[in-house]
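Worksheet for the structure shown next.
Residue numbers start at 1 and run along the sequence shown.
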Amino acid sequence: MADKPTSIAIVGAGTIGLSFAALHLAKSPDCHVTIFDVRSDLQDYVSATVPGYLTDTDVAQCLARLKITTSLDEAVKHADIVQEQGPENLDFKQKIWPEIEAAAPKNALFWSSTSGIPASEQSQIMHDRSRLIVVHPYNPPHIMPLLEVVPSPSTSQRVIDRTLAYWQSLGRVPVLIRKECTGFVANRLAFALFREACSLVAQGIVSVEDLDSVVQSSMGPRWTVAGPFKSYHAGGGEGGLQSFMEKIGGTVQACWTASDDDVKKHDVRVNAAWQREVCRQTQDAYGVVEVSERDRKTRRVLEAVQDGTLSTYP
């Protein structure tokens, strides 16, 4: 196989799969992408969806390097990379990886885009468990630069290194997650904030729209240029994070304690009583969200950060 993979098989033509296909085609001009799925309208669906993900690039040239198939063997038989975006179902993943393993080249990289099923569980009945690694995107991957690279204890260092090198070559931000954990890192952070947001709205402390305004006008833009540790380290001045914690650690702990107590008191669990009202408020506030506007604005923010229009802390 060449140093940089040139043949990529996408297993699963859902939103994430097609977004990844567009990313590979746009950022790796020498690659060829084959999409596998068994849906009856595959050709029409791919033709209608993928061009919309291809921005600031030669759409015709990208589509000329794209194939679709309803045969798994056909999709993976010449692949340098097999990237799986199938259902979030352990039985499905445990079944399909040995099939892919039997049909794909011996040196192909095997990636799963799962949101939460670790490679150690998916690979249970594979012949060579060292080949599989999770590559979890932040949706949509053709826009968002993060890839969480999550090996199992069995994943080989060569697979890890090749995976990181590929994404770095595309100008993305692959982050190696050192241990498997539920939800990996990005979702753990996002859902922790989301739970607190739901709790505050459920208590009547703030409305859905006002809470979104708080996030968009404070930590949202701040965290675009510096994550929580760097931000609070800067907030501590010359003494850094230690000084920050010494100065307002009492408030930090009080917030943590109140958050834990409120979640228990108001039973903030998925599908509990609070959920109906919070979902109603959200529906009333936003209706059907136009994601193209969201994506367009997100691109502009990322471009501003990358070109220095929004500078990060030195």
Side-chain angles (χ1 to χ4, degrees), residues 5-39 41-69 75-76 79-88 92-93 96 109-117 133-150 163 166-175 183-187 190 288-303 306:
T6 57
S7 178
I8 300 168
I10 299 292
V11 177
T15 300
I16 297 295
L18 297 191
S19 180
F20 263 127
L23 170 60
H24 293 301
L25 291 167
K27 297 295 185 180
S28 185
D30 295 327
C31 82
H32 293 261
V33 173
T34 301
I35 297 173
F36 160 78
D37 204 294
V38 295
R39 59 186 295 165
D41 63 342
L42 183 59
Q43 178 70 60
D44 291 341
Y45 179 66
V46 170
S47 298
T49 306
V50 170
Y53 294 158
L54 294 168
T55 59
D56 302 323
T57 190
D58 186 332
V59 175
Q61 197 270 349
C62 287
L63 295 179
R65 293 181 282 115
L66 176 64
K67 291 172 53 180
I68 67 168
T69 181
V76 307
D80 299 318
I81 294 170
V82 180
Q83 191 164 12
E84 176 269 328
Q85 287 79 213
E88 282 293 280
F92 169 85
K93 294 182 188 299
I96 201 168
L109 289 166
F110 291 167
W111 298 344
S112 173
S113 302
T114 178
S115 296
I117 303 175
I133 193 167
V134 167
V135 177
H136 177 243
Y138 206 78
N139 191 36
H142 69 285
I143 295 176
M144 305 301 284
L146 174 68
L147 286 311
E148 292 179 294
V149 176
V150 193
T163 299
Y166 176 80
W167 290 112
Q168 289 163 352
S169 75
L170 265 58
R172 310 315 270 183
V173 182
V175 175
F184 314 128
V185 173
N187 279 342
V288 177
V289 176
E290 178 51 67
V291 295
S292 63
E293 179 185 4
R294 176 206 65 184
D295 292 349
R296 184 169 59 252
K297 289 181 177 180
T298 300
R299 269 202 184 89
R300 291 173 61 188
V301 170
L302 290 170
E303 289 168 357
Q306 291 165 0

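- Taking CG of D30 as the reference point, atom CG of L25 lies at 12.0 Å (rounded to 0.5 Å).
- Ring centroids of W111 and F20 are separated by 6.0 Å or more, keeping the two rings apart.
- We find that R294 and E290 are not joined by a salt bridge, their nearest charged nitrogen and carboxylate oxygen being 4.0 Å or further apart.
- Distance check, rounded to the nearest 0.5 Å: OH of Y53 to CD1 of I143 gives 9.0 Å.
- A donor-acceptor pair is defined here as one N or O able to donate and one able to accept, closer than 3.5 Å; such a pair exists between the side chain of E148 and the backbone of V185.
- Note: L66 CG to I8 CD1 = 11.0 Å, rounded to the nearest 0.5 Å.
- Side-chain contact between E84 and K93: present, with at least one pair of heavy atoms (C-beta onward) separated by less than 4.5 Å.
- Put simply, the side chain of S19 never gets that close to the backbone of T15: no donor and acceptor are under 3.5 Å apart.
- With hydrogens and angles disregarded, a donor-acceptor distance shorter than 3.5 Å links the side chain of S169 to the backbone of Y166.
- V149 approaches P174 most closely through the heavy-atom pair CG2-CB, 4.0 Å.
- Across every non-hydrogen atom of Q83 and S113, the tightest pair is NE2-OG, 3.7 Å.
- In this structure, E88 contributes its side chain and S115 its backbone to a donor-acceptor pair below 3.5 Å.
- How far CD of Q168 is from OG1 of T163: 10.5 Å, rounded to the nearest 0.5 Å.
- Taking CZ from R172 and NZ from K27, the interatomic distance works out to 5.5 Å, rounded to the nearest 0.5 Å.
- To the nearest 0.5 angstrom, L23 atom CG is 11.0 Å from I16 atom CD1.
- Although no hydrogens or angles enter the test, the distance criterion places a donor-acceptor pair under 3.5 Å between the side chain of T114 and the main chain of G116.
- T69 approaches A75 most closely through the heavy-atom pair CG2-CB, 3.7 Å.
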